[in-house]
Amino acid sequence: MGILSEALVQDGQGLSVVVEQLVHFWLLVRAPIVAPLLQFAVNVCLVMVTMLFVERIFMCGVLVVVKLLGRTPKTTYKFEPMNDYCLQGDVELGTNSSASYPMVLVQIPMYNEKEVYQLSIQAACGLLWPADRIVIQVLDDSTDPFIKELVQMEVKRWSSKGINIRYEIRSNRNGYKAGALKQGMRHDYVHECDYVAIFDADFQPEPDFLHRTVPFLVHNPELGLVQARWKFVNGEECLMTKMQEVSLNYHFSVEQRVGSAAYGFFGFNGTAGVWRIQAMNEAGGWNDRTTVEDMDLAVRASMHGWKFVYLHDLECKNELPSTFKAYRFQQHRWSCGPASLFRKVFPQILKNQKVKLWKKLHMLYAFFFVRKVLAHVVTFVFYCVVIPATVLVPEVDLPLWGAVYIPSIITILNAISTPKSLHLLVFWVLFENVMSLHRTKATFIGLFDLGRVNEWIVTEKLGNLMKYKMSSKLSGKRSLQRLVSNVLIKGWKLGDRLNMLELWTAAFLFFCAIYDFHYEGKNHFFIYLFCQAVAFLLMGVGYCGTFVPS
């Protein structure tokens with residue numbers, strides 16, 4: 001026993017010596033080496049934050065001017081409603097009375113959409129338009145034979161009611177969604193169509209959707225796209241969907257409106273929009289070179305001189321991803337794709353002769369660089385790496401205007417588009433900072449064409465499953481018993497839910513917070529650091545979003 005105790009004491013003394021040597025080495029290199037490098041990183045981040053701030057202020061200023069001048073899509077472009085007879089839903093009218101209506105193709109791409117396929121097909125079949133002037137195309141890439149059979153049966157059911165609906169499949173999934181849409185445009189009956197409306201499998205357009213969009217294209221030959229706003233049916237489902245709603249509401253309320261009003265250009269959202277087929281063809285059609293085929297098509301069409309219009313008052317219901325796994329995959333695709341596309345179209349936009357200089361600058365600087373690259377990188381690098389690191393290096397000068405004041409203004413400008421969630425502002429900041437880790441990683445993958453650059457994983461939708469779950473909720477003790485039972489039945493394992501990147505970041509932030517608290521940092525950053533560390537920890541163990549029973 002005595003020998004063992006003596007060995008432990010010696011080991012402890014040896015460890016103490018190692019720690020002292022490390023601390024001594026850190027004090028030697030901190031001021032002459034680490035501090036200048038970190039100060040350089042701080043200065044670069046301050047420049048990026050300022051760029052982001054100026055871009056936000058500019059967009060809000062444009063939006064204010066647009067509202068003061070009373071500019072709306074209907075005052076900017078010509079709009080004349082189609083004949084009122086179709087509003088009664090009379091599908092038995094003769095072809096002569098509907099001859100003035102253009103032929104419209106409606107595409108619904110789907111992949112193993114068991115929970116939502118009925119919702120989208122039903123909504124598309126309920127669109128008010130002359131029956132002889134519309135074709136509904138269900139592009140089913142499902143790999144599950146049972147789901148394919150369900151979708152096909154649903155199509156046959158609506159076809160038996162007199163709806164002109166087609167069920168189209170292909171032998172492979174090459175190009176994913178872009179490949180399916182491209183293949184769908186090759187059918188002979190599509191050649192008779194003038195416009196194509198696209199709805200993802202969880203989108204449910206209102207019956208008058210075509211009546212509120214197609215006239216813009218009919219009466220304005222320079223328009224190539226009409227985009228509607230998204231309305232989220234599950235925004236109140238959990239804290240994670242509420243946070244998503246804040247971010248997306250800013251995108252639609254500000255970014256899309258400003259792009260439409262000031263430049264006639266914005267990124268197509270991939271769904272809830274109507275394209276002029278001529279504009280698509282001139283742009284080269286669908287291309288699967290990135291995972292944002294919708295944005296790719298919009299950029300190419302814009303370079304051919306086509307303009308876009310965004311209708312903020314036209315909403316199309318859809319579902320937000322409510323599981324953390326699904327949201328992470330979606331955000332990877334939405335961040336990696338634009339960065340990859342930016343790298344590929346940069347020289348094409350510079351050389352383009354059909355687009356004016358001011359529009360080129362908007363596309364390259366504001367649309368791509370600031371929003372799709374810089375915003376993700378600065379959020380993670382500055383707020384989750386550089387600022388925490390400065391508490392370890394007191395020689396670094398970090399001005400409060402860049403670390404606190406400007407970020408606070410940017411946060412308020414982002415969140416004000418969702419007033420009902422202003423009380424959740426702190427949670428939104430912490431949530432967005434955690435997600436910026438994945439967005440930054442995906443951005444670099446896209447910029448440098450790394451391994452997962454073309455990874456495409458369809459965002460999981462819960463649809464009817466969540467409706468059932470919500471309707472079958474129990475109260476009090478019985479609800480708790482049901483939850484415990486579900487966990488036991490699932491065989492839930494913590495290891496299946498661990499996200500190591502978040503956990504390592506949480507450890508780093510906890511260390512910085514404890515250090516700042518112990519040495520009484522002058523700016524009290526430890527308050528923010530502790531909160532942010534907890535956010536990374538909770539999401540690192542998967543405690544975020546909806547838990548779905550098997």
Spell out, as yes or no, whether a donor-acceptor pair under 3.5 Å connects the side chain of [X] to the backbone of [Y].
X    : Y    : result
Q532 : C384 : no
Q137 : G184 : yes
N234 : L320 : yes
N352 : V355 : yes

Counting neighbours of [atom1] on [X] that are heavy atoms of other residues, nucleotides or ligands and sit closer than 6.0 Å, is the number greater than 12?
X    : atom1 : answer
F511 : CZ    : no
Y365 : OH    : yes
K325 : NZ    : no
K307 : NZ    : no
W401 : CH2   : yes
L447 : CG    : yes
F427 : CZ    : no
R173 : CZ    : yes

Rounded to the nearest 0.5 Å, what separates atom [atom1] in [X] from atom [atom2] in [Y]?
X    : Y    : atom1 : atom2 : result
N414 : E255 : CG    : CD    : 8.0 Å
E293 : N287 : CD    : CG    : 10.0 Å
T390 : Q39  : OG1   : CD    : 9.5 Å

Pair W286, Q183: side-chain N/O donor-acceptor within cut-off below 3.5 Å: no
Verify whether one side chain among S247 and W428 offers a donor that lies under 3.5 Å from an acceptor in the other. yes
Before giving the answer on ring pair (Phe, Tyr, Trp, His ring centres under 6.0 Å), spell out for Y195 and F216 the whole-Å C-alpha distance, their side-chain angles and the decisive distance to 0.1 Å. CA-CA 11 Å; Y195 311 108; F216 281 103; over 10 Å; no
Ring centers of [X], [Y] separated by less than 6.0 Å:
X    : Y    : value
Y111 : Y117 : no
F308 : W275 : yes
F199 : F209 : yes
F252 : W230 : yes

What residues, two or more places apart in sequence or in another chain, satisfy side-chain hydrogen bond (donor to acceptor under 3.5 Å, both in side chains) together with R328? H438, N499
Can we say [X] and [Y] salt-bridge, meaning some charged N sits less than 4.0 Å from an Asp/Glu carboxylate O?
X    : Y    : answer
R276 : D194 : no
E455 : R333 : no
K420 : E236 : yes
K242 : E237 : no

Counting C-beta onward and ignoring hydrogens, is there a side-chain heavy-atom pair between N433 and T379 closer than 4.5 Å? yes
Side-chain heavy atoms of L46 within contact of F382, under 4.5 Å: yes
What's the verdict on salt bridge (Lys or Arg N to Asp or Glu O under 4.0 Å) for E55 and R371, showing C-alpha distance, side-chain angles and the deciding distance? CA-CA 9 Å; E55 194 263 346; R371 298 183 204 167; 2.9 Å; yes
Report the relative orientation of the aromatic rings in F444 and F448; use parallel for angles under 30°, tilted for 30 to 60°, perpendicular for over 60°. parallel
Pairs of donor and acceptor atoms involving the side chains of residues 263-273, under 3.5 Å and at least two apart or interchain, shall be tabulated with distances.
unit_1: N269; atom_1: OD1; unit_2: Q256; atom_2: NE2; d: 3.0
unit_1: N269; atom_1: ND2; unit_2: H251; atom_2: NE2; d: 3.2
unit_1: T271; atom_1: OG1; unit_2: D200; atom_2: N; d: 2.8

Run the side-chain hydrogen bond (donor to acceptor under 3.5 Å, both in side chains) test on E245 and T418 for me, step by step, so that the C-alpha distance in whole Å, both residues' side-chain angles and the decisive distance to 0.1 Å come before the verdict. CA-CA 8 Å; E245 190 175 30; T418 312; over 6 Å; no
Please report the shortest heavy-atom distance between A339 and T443, naming the atom on each side. CB-O, 3.4 Å
Honestly, is K372 close enough over F367, meaning NZ or CZ under 6.0 Å from the six-membered ring centre and within 45° of the axis? yes
List the steps, then state whether salt bridge (Lys or Arg N to Asp or Glu O under 4.0 Å) holds for E319 with K231. CA-CA 8 Å; E319 178 184 329; K231 179 182 180 181; over 6 Å; no
